[in-house]
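Just so we're on the same page: letters track the sequence lines, and every chain starts at 1.
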Protein chains: 2
Amino acid sequence: MRSGELASSAGVNVQTLRYYERRGLLAEPARSGSGYRAYPGEAVRIVRFIRRAQRLGFTLAEVETLLGLAGGGPDRCAATRALATEKLSDLENRIAELCFMRDSLRNLVRTCGRPAAQRDCPLLGELEEER
Amino acid sequence: MRSGELASSAGVNVQTLRYYERRGLLAEPARSGSGYRAYPGEAVRIVRFIRRAQRLGFTLAEVETLLGLAGGGPDRCAATRALATEKLSDLENRIAELCFMRDSLRNLVRTCGRPAAQRDCPLLGELEEER
DNA sequence: CTTGACCCGATACCCCGGTACCGGGTTGAC
DNA sequence: GTCAACCCGGTACCGGGGTATCGGGTCAAG
C-alpha cells in the first residue's frame, strides 16, 4: 500500500504519516525500487488507533507507550503492567471528572429556564455571582 | 488579591493570568492606584475551573463558552440550552470511548502475564501481530 | 533610604501536532 | 511519448497554549 492510499483510508494526510514516522510512532515501511513507501495492510489499524487514542486525550508520546504495551511479551510484563496500571488510574480519574461535568450540564439543561437563583448546576453554579 | 497571590493559589503562573485576560477568559480586574491588578476572591475559583475544564479536554475557546453559560439569564435560555446540550453529547461520547479504553486496559493488566496469544485486550490486541 | 520582592506592558520565544510548499522523480492510462 | 496523478526529502509555516525576558516602576521591612 502506498502512502496516499494509507492516508486516505486512515483519514489522515500524507504529511501526517511522515510526521508519525519521524516521531517513531509508525515503523519505517519497506520501499519500492524507486523509493516509494510500501505499507503493510495493518498500518491502517495502527494509524486509526493513534487517532482514536488522541481523541481520548492521549498525547503522541503516550500513544507511543501504548503501542509499546501491545508488543511486550510476558518477559516484559512487570513493566507493561505498571504502565498500563498507571494509564488506567489516569483514565479513571478523567472519566470521573467528565461524569461530574456531564451531570452538571444535565442539570443546567434541565433547569436553565428558571431564574438564575433557581438553577442547578454545581459546575457552573459556583461562578454565578461574578462577572 | 494581587496577581502573584492569585497565581500561586490557583496553581498557574502570572503570565498565564495575563494570557487568560487577553483571551477574554478572565475579566479585567480593578487596578490599584499604581496600576497593580486587584482580583476579587472568586477569581481563584474561575481560574481553577478553567484548569479543570482543560484537563478534561476542553479548549480555551470552549471554556469561554462554558463560562458564558453560567451567566446567561432565562432570556438567553434557548441558546444556552443548545450549547449545553451539544457539549453534553460530546461529553457522553468521550466518556464511552474512555470507558472502552479503560476496560481494555483492565483486561490487559489482568492477562498480560500470559503469552501474547492468550492475552485479552481488544484495544491493543489488534496490534499484536505487527512490529 | 536602601534593598529585595513584587508588579507593569511589550515582545520574543517554546513545544505540540500537524500542514503547506518546493523542486524534482515515477507511474500508468491514453 | 505525454500528461495527470502520485511520490520523494527538505524546509517553512501555522494555531494552540503558554513561558521567558526586558526595562522599568512600587512597596515594605529594616
Side-chain angles (χ1 to χ4, degrees), chain A residues 1-41 43-44 46-68 87 90 94 97, chain B residues 1-41 43-44 46-68 87 90 94 97:
Chain A
M1 196 191 318
R2 300 201 311 197
S3 55
E5 196 185 342
L6 173 57
S8 70
S9 52
V12 303
N13 102 21
V14 176
Q15 279 50 298
T16 302
L17 293 179
R18 271 138 81 173
Y19 175 69
Y20 289 168
E21 189 177 321
R22 274 204 304 288
R23 300 257 332 207
L25 284 169
L26 210 48
E28 295 188 15
R31 297 292 183 127
S32 76
S34 54
Y36 286 18
R37 288 173 180 80
Y39 291 97
V44 177
I46 300 181
V47 176
R48 287 197 182 133
F49 172 82
I50 296 171
R51 307 306 294 210
R52 179 150 50 112
Q54 272 192 299
R55 282 205 315 281
L56 301 184
F58 291 95
T59 65
L60 290 186
E62 290 173 325
V63 172
E64 210 175 332
T65 299
L66 243 22
L67 289 171
K87 286 266 162 269
D90 184 56
R94 284 176 38 212
E97 282 189 283
Chain B
M1 197 189 320
R2 301 201 311 196
S3 54
E5 196 185 342
L6 173 57
S8 69
S9 52
V12 302
N13 101 23
V14 175
Q15 280 48 301
T16 302
L17 293 179
R18 272 139 81 173
Y19 175 68
Y20 288 167
E21 189 177 320
R22 275 204 303 288
R23 299 257 331 210
L25 284 169
L26 210 47
E28 295 188 16
R31 296 291 183 128
S32 75
S34 55
Y36 285 18
R37 288 173 180 79
Y39 291 98
V44 177
I46 299 181
V47 176
R48 287 195 181 136
F49 173 83
I50 295 171
R51 305 307 295 210
R52 178 150 51 114
Q54 271 192 300
R55 282 204 317 280
L56 301 183
F58 291 94
T59 65
L60 290 185
E62 289 171 326
V63 173
E64 209 176 332
T65 299
L66 242 23
L67 288 171
K87 285 266 164 267
D90 184 55
R94 288 186 23 221
E97 282 190 283

### Task
Kindly give the heavy-atom pair with the smallest separation between A/S3 and A/V14, and that separation in Å.
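Closest approach of A/S3 to A/V14, heavy atoms only: OG-CG1, 3.9 Å.
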
### Task
Looking only at non-hydrogen atoms, find the nearest pair between B/P29 and B/A38 and report the distance.
CB-O, 3.6 Å

Send over the distance from [X] [atom1] to [N] [atom2], rounded to a whole Å.
X	N	atom1	atom2	answer
A/E5	C/dT27	CD	C1'	15 Å
A/R23	C/dC15	CZ	C1'	10 Å
A/I50	C/dC16	CD1	P	16 Å
A/M1	D/dC6	CE	C1'	16 Å
B/L60	D/dG16	CG	P	10 Å
B/L26	D/dG17	CG	P	15 Å
A/E21	C/dG18	CD	P	15 Å
A/R2	D/dC6	CZ	P	9 Å

### Task
Please round to the nearest 0.5 Å and tell me the distance separating atom CZ of A/R52 and atom CD1 of A/I50.
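The CD1 atom of A/I50 is 11.5 Å from CZ of A/R52, to the nearest 0.5 Å.
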
### Query
Atom CZ in B/R37, atom CD in B/E28: separation rounded to 0.5 Å?
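One finds 8.0 Å between CZ of B/R37 and CD of B/E28.
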
### Query
What are the residues of residues 10-19 of chain B, sorted by number, that bring a heavy atom to within less than 4.0 Å of DNA chain D?
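Heavy-atom contacts with DNA chain D come from B/N13, B/Q15, B/T16, B/Y19.
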
### Task
Please check the phosphate of D/dC7 (OP1 and OP2 only) for any side-chain N or O of A/R37 closer than 4.0 Å.
no

### Query
Within 45° of the axis and under 6.0 Å from the centre of the six-membered ring of A/Y20, does NZ or CZ of A/R51 qualify?
no

#### Entry: Minimum-distance nucleotide to B/Q54 side chain [options: D/dG18, C/dC8, C/dG18]
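Given the options D/dG18, C/dC8, C/dG18, the side chain of B/Q54 is closest to D/dG18.
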
### Summary
Looking only at C/dG9, C/dG18, D/dG25, the nucleotide nearest the B/R31 side chain is C/dG9

#### Entry: Closest-nucleotide ordering on DNA chain D, the 5'-leading residue of B/F58 and B/Y36
B/F58

### Contact nearer the 5' end of DNA chain D, comparing B/R22 with B/S34
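Closer to the 5' end of DNA chain D: B/R22.
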
### Query
Sequence neighbours excluded, which residues qualify as side-chain contact (heavy atoms from CB on, under 4.5 Å) partners of B/Q15?
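For B/Q15, the residues satisfying side-chain contact (heavy atoms from CB on, under 4.5 Å) (neighbours in sequence not counted) are B/N13, B/R18.
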
### Query
Would you say the side-chain atoms of B/R55 pair up with the backbone N or O of A/R94, donor to acceptor, closer than 3.5 Å?
no

### Message
Heavy-atom nearest nucleotide on DNA chain C for B/S3 versus A/A61: which residue maps closer to 5'?
### Response
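Per heavy-atom nearest nucleotide, the more 5' residue is B/S3.
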
### Task
Would you state whether a donor and an acceptor, one from the side chain of B/Y20 and one from the base of D/dG17, lie under 3.5 Å apart?
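Flag unset: no donor-acceptor pair detected.
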
### Task
Indicate, with a heavy-atom threshold strictly under 4.0 Å, whether B/S32 touches base, sugar-phosphate, or nothing.
nothing

